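Below: the structure, in structure tokens.
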Amino acid sequence: MVCQNRTCLKQGSAEVLTAFQKNDIPNCTVSGSGCMGQCGSGPMVKVLPDEVWYSRVNPLEVPFLIERHLLKGHPVQAMLYPKFHPI
């Protein structure tokens, strides 16, 4: 899920969503979402059912996130949202 609400859109979430949608990711559905309640930390990406949150996602980081997390099952530590995934 990629937040597509007002603040995240201002921070580039439409481009992040497009970057995900350009890839064919087996067994994965990519969709835009409403506000995730984390305004100011976006663009926000939430991976379900893992309940893994990524903050400040840049479209250029999306291929790495897909390869590492969505295809290989390893969350990208450096991109995790610290509020929900403290170091």
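Since the structure is predicted, the reported quantities are computational estimates derived from the model, not experimental observations. Every heavy atom of this structure was used, including side-chain atoms; hydrogens, water molecules and symmetry mates were not.
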- prompt: Which pair of non-hydrogen atoms, one from Asn5 and one from Gly34, has the smallest distance, and what is that distance?
  reply: CB-C, 4.3 Å
- request: Return yes if some donor-acceptor pair links the side-chain N/O of Arg6 with the main-chain N/O of Cys35 below 3.5 Å, else return no.
  value: no
- request: Look only at the side chain of Thr7 and the backbone of Cys39, and say whether a donor-acceptor pair between them is shorter than 3.5 Å.
  value: no
message: Under the criterion side-chain contact (heavy atoms from CB on, under 4.5 Å), I'd like the reasoning laid out for Met1 against Met36: C-alpha separation, chi angles, the key distance, then a yes or no.
response: CA-CA 10 Å; Met1 297 172 53; Met36 295 182 179; 3.7 Å; yes
task: Could you tell me whether the side chain of Gln4 and the main chain of Ser13 form a donor-acceptor pair under 3.5 Å?
output: yes
query: Where is the tightest heavy-atom contact between Glu51 and Lys46, given as atom of each residue plus distance?
result: OE1-CE, 3.2 Å
query: Could you give the distance from CG (Leu60) to CD (Glu15), rounded to the nearest 0.5 Å?
result: 10.5 Å
message: Could you work out, with side chain to side chain donor-acceptor pair (under 3.5 Å) as the rule, every residue matching Gln11, not counting sequence neighbours?
response: none
task: Might you point out which heavy atoms bring Pro75 and His69 nearest each other, and give the distance in Å?
output: CA-ND1, 3.6 Å
task: Would you indicate whether the side-chain heavy atoms of Lys83 and Ser41 approach each other to under 4.5 Å?
output: no
task: Could you pull out the closest heavy-atom pair between Pro43 and Gly12, with the gap in Å?
output: CG-C, 3.8 Å
- prompt: Going by side-chain heavy atoms closer than 4.5 Å, which hydrophobic residues are tied to Leu80, directly or by a chain of links?
  reply: Val2, Val16, Leu17, Phe20, Ile25, Val30, Val45, Val47, Val52, Tyr54, Val57, Val62, Phe64, Leu65, Ile66, Leu70, Leu71, Val76, Met79
